[in-house]
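Atoms within each ligand, like the ligands themselves, are counted from 1 in listed order.
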Amino acid sequence: MLRVFLLVFTITTPGSGLSLPGLDRNLNMSGTVNEEDQYMCACQPAFNCLHNKNYCNTSRGAGCFALNGEDGIRKGCGADKEKHLLNCQGKRNVVWRPDSGGPNLVVKCCAYNLCNVDVEDLTLPPKVVAEETTFNMNMLMAVLVPIGVLIVAVVIVVLVFRHLQKRQPGSQESPRVREELLPQEYGGIRVTQVGDSTLQELIDESCTSGSGSGLPFLVQATVARSISLIECIGKGRYGSVWRGRYHDENLAVKIFSSRDEASWLRETEIYNTCLLRHEGILGYYASDMTSRNSCTQLWLIMHYHENGSLYDYLQSTTLDWEEMLRLCHSAAAGLVHLHTEIVGNQGKAAIAHRDIKSKNILVKGNGNCCIGDLGLAVTHTQENNKIDLGRNNKVGTKRYMAPELLDETLNPEYFEAFKQVDVYAFGLVIWEIARRCVTEGMFDDYKPPFWDVVPSDPSFDDMKKVVVIDQQRPAIPNRWSSDSILLQMSKLIQECWKCNPKARLTSLRIKKTLNQLLNQPQCKKIKDTNKC
Ligand code: ADP
Ligand code: MG
């Protein structure tokens, strides 16, 4: 029985045209052919066949072939003597992969009489090169797609995590979008790294930066950007004050609305006065301008004092002599520092506060005070005798207004007049403090000045009537006269709130008097027994 071997494989030749002798060289077949010695094969086209006939004879079972190539279908004998010189003998049933670039061929070999006559279904396979490219592309996609998906997933997880972190309690105001830079004069240049330094370290490093009492200009915005707001701790004339966190440190952030830009600018200006840093002045870190929900917010970043304002503190605290005197003396020291001009290359202008009151004085953890809220301050230097009122037209708090403000006789060209206004108000503050001093088990409730003669939010005219027309001052409680320290305090207070501004004590005199009181022997004696 004749056995038929049908082989299908692809062949390419290095040249662009089909060269059948080349085919013989390139054919790589496996298996064996069950040969018969002589038989005929179909041969086409005839010009390729011996004697130009459409048949040919095989020799020794070289086989008949039919091939489909780029020139169409050809058939013939695989015998050496034929022009085709295609030999199906040898190894068969192996798909031979041609070199890239050559023509594709599909070849069927068979080995019996005229076995290649009816062979027509020779479909050219896709080019191997294309196959390989597809294969490589598939491989590439199989590697790249999972990596891409992984990267996108990681990015999403990180973004979600960061978003959740910002939303945690204690960062209600985050995220803060900063679209605007500070005005150039306030350090418009930003830096990105302040490292892990504490604010105190940054402040200490800033001694030579010449940026006033706060952080170096370059650091201010960077620090501000890292603050999260925790809770609202106060409301004042211009907005709200928040406790904020910078790394592990508390700080106070005063947030001005954009319509109070003049106040923010003024307070920033004053805090950036050289040599302003002092124990008796609220510590300042930085100013920053941010844009949030298309609304400009102006920040002033300061030391945080958990006791809050003197006003808050006195509501719930009674005092012994020493506590009273330390509150008064430290506040007076702050006022002296403000009022004093320091002449020199890197000097300091004299500053009048213009809004001295217990709500603008803060109580520190060590029982001393410091003066805050410098938004209304005016400055003066003797050298050019120029008074800088700033661009802020707001006036001080009516309850604390001196008579010359209420009767509008104050001469704004005369800087001392502003200091005298401060001293008047300071007298009222000492009165508020002294009421809380316990003597022989007695003390007075906290009351604001003139609580008994004007309404809770007195008008300018209410105050004018009481202070100027009726020449009233807060009452000195009777018990004060039987206590040596409180008696001296009452004298000091009355020297402060005199109607004639020039007759009032200077802040320096107040501070010295308080210092003397602090050092009085009877106070010292009591101090030793831990009573003062
Ligand atoms: P305003 O200029 O709006 O009057 P203030 O600076 O006087 O603002 O602050 C308003 C209130 O916020 C203060 O009376 C005080 O209760 C609180 N406050 C201000 N600064 C601090 C601070 N540094 N630490 C703690 N509380 C503060
Ligand atoms: Mg205030």
Are any of the N/O atoms in Lys235 less than 3.5 Å from those in ligand 1? no
Can you report which non-hydrogen protein atom sits closest to atom 22 (C) of ligand 1, along with the distance? Ala252 CB, 3.6 Å
Can you measure from OG1 (Thr506) to NZ (Lys419) and round to the nearest 0.5 angstrom? 8.0 Å
Interfacing atoms of ligand 1 (cut-off 4.0 Å, heavy-atom, Asp312): 16 (O)
Beyond-backbone contact of Lys357 with Tyr311, side-chain heavy atoms, under 4.5 angstrom: no
N or O pair under 3.5 Å between Lys359 and ligand 1: yes
For Leu282, counting its heavy atoms only, list the atoms of ligand 1 lying under 4.0 Å from any of them. 23 (N)
What is the nearest protein non-hydrogen atom to atom 24 (N) of ligand 1, stated with its residue, atom name and distance? His305 N, 3.1 Å
Within ligand 1, which atoms have a heavy atom of Arg237 less than 4.0 Å away? 1 (P), 3 (O), 4 (O)
Tell me the protein heavy atom at minimum distance from atom 6 (O) of ligand 1, and give that distance in Å. Lys254 NZ, 2.9 Å
Look at atom 20 (N) of ligand 1 and find which of Ile233, Asp260, Asn250, Val241 reaches it with the closest heavy atom. Val241
Should Glu323 and Thr317 be marked as a side chain to side chain contact (heavy atoms under 4.5 Å, CB included) after you check the CA-CA gap, both sets of side-chain angles, and the distance that decides it? CA-CA 10 Å; Glu323 287 162 344; Thr317 317; 5.9 Å; no
State whether a side-chain donor-acceptor pair under 3.5 Å links Thr409 with Asp407. yes
Measure from the Mg ion (ligand 2) to every N/O/S atom of Asp373 and report the name of the nearest one. OD2
Could you go through Ile356 and Tyr424, starting from their C-alpha distance and side-chain angles, then the distance that decides it, and tell me whether this counts as side chain to side chain contact (heavy atoms under 4.5 Å, CB included)? CA-CA 9 Å; Ile356 292 287; Tyr424 169 89; over 6 Å; no
Under 3.5 Å side-chain donor-acceptor pair for Gln488 and Gln520: yes
Quick one, Tyr271 with Leu282, criterion side chain to side chain contact (heavy atoms under 4.5 Å, CB included). Give me CA distance, side-chain angles, the key distance, then yes/no. CA-CA 9 Å; Tyr271 274 118; Leu282 177 57; 3.7 Å; yes
Cation-pi between Lys502 and Tyr414: NZ/CZ under 6.0 Å from ring centre and within 45° of the ring axis? yes
To the nearest 0.5 angstrom, please state how far the SG atom of Cys496 sits from the CZ atom of Arg473. 11.5 Å
At a 4.0 Å threshold, what atoms of ligand 1 neighbour a non-hydrogen atom of Asn360? 7 (O)
Evaluation steps, side chain to side chain contact (heavy atoms under 4.5 Å, CB included), between Tyr285 and His303: CA-CA 7 Å; Tyr285 291 125; His303 292 197; 3.2 Å; yes
Distance-only N or O hit between ligand 1 and His303, under 3.5 Å: yes
Starting from atom 1 (P) of ligand 1, what is the nearest protein heavy atom, named by residue and atom, and what distance separates them? Asp373 OD2, 3.3 Å
Taking atom 21 (C) of ligand 1 as the point of reference, which of Leu362, Leu300, Val363 owns the nearest heavy atom? Leu362
For atom 15 (C) of ligand 1, which protein heavy atom lies nearest, and how many Å away is it? Ser309 CB, 3.9 Å
